[in-house]
Number of protein chains: 2
Amino acid sequence: MKHTVQYFKALADETRLRIMALLLTSGELCVCDLTATLQLPQSTVSRHLSYLKNAGWVNDRREGVWIYYTVAAGNNMKRHLADVLKERLPELTSVADDIKRLASLADGARCA
Amino acid sequence: MKHTVQYFKALADETRLRIMALLLTSGELCVCDLTATLQLPQSTVSRHLSYLKNAGWVNDRREGVWIYYTVAAGNNMKRHLADVLKERLPELTSVADDIKRLASLADGARCA
DNA sequence: TTGACACATTCGTCTATCCGGATATATTCT
DNA sequence: AGAATATATCCGGATAGACGAATGTGTCAA
């Protein structure tokens, strides 16, 4: 039960919902891509990623200087929630804007 | 988006998840049924019901002295989330215990 | 080894929310 | 009106979490 509450706490924040939407849509993103897309300070993005990781929503993987985040596989409850998020979050205008903004970043040169 | 965040904030608490599970399972319950089932102070239960109502998760209906709460109908996002909750929350032991405890209350004399 | 870059963490501050006893309100019955 | 019951709200105190600038850490290349 504690874990379940933690899942929802992790989703109870606008920035973290935007991050989840981007990861669910794009599969895998590094912190600089997320920072550029969300247009927020890097420390803010990193802090929220840390929260999502502790809650079990995402995994990270280092590749050289970059750290890539993905949505973690999970139990029934989490998988079903992720399905709902993936389907419904893009209906929100701010999420749709994020997805467009991410797509418009130059592919090779996303990270300054 | 603000509303969506509010939906999740409302679910980011153990007591409120337990309440949602009971309402999703039983359809309609008055505050005294919930208080007896959850074994929490009445003011605590009432406060959480108020939070759920403000977030748009539940509706209330007065019938004499009692106030009955039900899960509110909602948009796509909310309906899908409610479906997941209804299906998955009873898998948690504390929720299953609540459901049993509610069932064991004498039908006619639930409210002291 | 020095510099540059990506990322994480620390820090002080501020706001939201939790708790539960006490109290207020609404309704019904006599 | 007055008492009893169900529910809501108030209160003070405690904790969690958000923010962003500054600083720390890890990696690579020259």
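Residue numbering restarts at 1 for every chain, and letters A, B, ... go by the order of the sequence lines. If you're wondering where the values come from, they're calculated on a predicted model, not measured in any experiment.
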B:L89 and B:L92, any side-chain heavy atoms less than 4.5 Å apart: yes
Student check: side-chain heavy atoms of A:I67 and A:C30 closer than 4.5 Å: no
Is there a donor-acceptor contact under 3.5 Å from the side chain of [X] to the main chain of [Y]?
X: B:S50; Y: B:S46; answer: no
X: B:S104; Y: B:R101; answer: yes
X: B:R62; Y: B:G64; answer: yes
X: A:W57; Y: A:Y7; answer: yes

What is the distance, to the nearest angstrom, from the [atom1] atom on [X] to the [atom2] atom on [N]?
X: A:D60; N: C:dA6; atom1: CG; atom2: P; answer: 17 Å
X: A:E14; N: D:dC19; atom1: CD; atom2: C1'; answer: 14 Å
X: A:L49; N: C:dT9; atom1: CG; atom2: C1'; answer: 14 Å
X: B:I67; N: D:dA6; atom1: CD1; atom2: C1'; answer: 8 Å
X: A:W66; N: D:dT27; atom1: CH2; atom2: P; answer: 14 Å
X: B:L52; N: D:dT7; atom1: CG; atom2: C1'; answer: 16 Å
X: B:Y68; N: D:dT7; atom1: OH; atom2: P; answer: 8 Å
X: A:R61; N: C:dA6; atom1: CZ; atom2: C1'; answer: 15 Å

End axis versus end axis in the helix from C:dT1-D:dA30 to C:dT30-D:dA1, the angle rounded to 10°, five pairs used at each terminus: 20°
A:T44 vs D:dG20: side-chain N/O to OP1/OP2 distance below 4.0 Å: yes
Sugar-phosphate only, base, or nothing, as touched by A:T35 at under 4.0 Å among non-hydrogen atoms: nothing
Sugar-phosphate, base or nothing in reach of A:Y69, heavy atoms under 4.0 Å: sugar-phosphate
Footprint string (nucleotides 22-30 of chain C, 5' to 3'): B base within contact, S backbone only, - free, heavy atoms under 4.0 Å: B---SSS--
Lys/Arg-Asp/Glu bridge criterion (N-O < 4.0 Å) met for B:R61, B:E63: yes
Residues A:L85, B:F8; criterion side chain to side chain contact (heavy atoms under 4.5 Å, CB included); working and verdict: CA-CA 11 Å; A:L85 295 178; B:F8 284 106; 3.6 Å; yes
Contact list (N/O, under 3.5 angstrom) for nucleotides 14-18 of chain C vs protein:
unit_1 : atom_1 : unit_2 : atom_2 : d
C:dT17 : OP1    : B:Y51  : OH     : 3.1
C:dC18 : OP1    : B:R16  : NH1    : 2.5
C:dC18 : OP1    : B:R16  : NH2    : 2.6

Derivation of the salt bridge (Lys or Arg N to Asp or Glu O under 4.0 Å) call for A:K86 and A:D83: CA-CA 5 Å; A:K86 183 171 185 175; A:D83 288 345; over 6 Å; no
Stepwise side chain to side chain contact (heavy atoms under 4.5 Å, CB included) check, A:L81 with B:L81: CA-CA 7 Å; A:L81 285 173; B:L81 284 173; 3.7 Å; yes
Pair A:M77-B:E87, side chain to side chain contact (heavy atoms under 4.5 Å, CB included): steps then yes or no: CA-CA 9 Å; A:M77 169 78 86; B:E87 209 176 345; over 6 Å; no
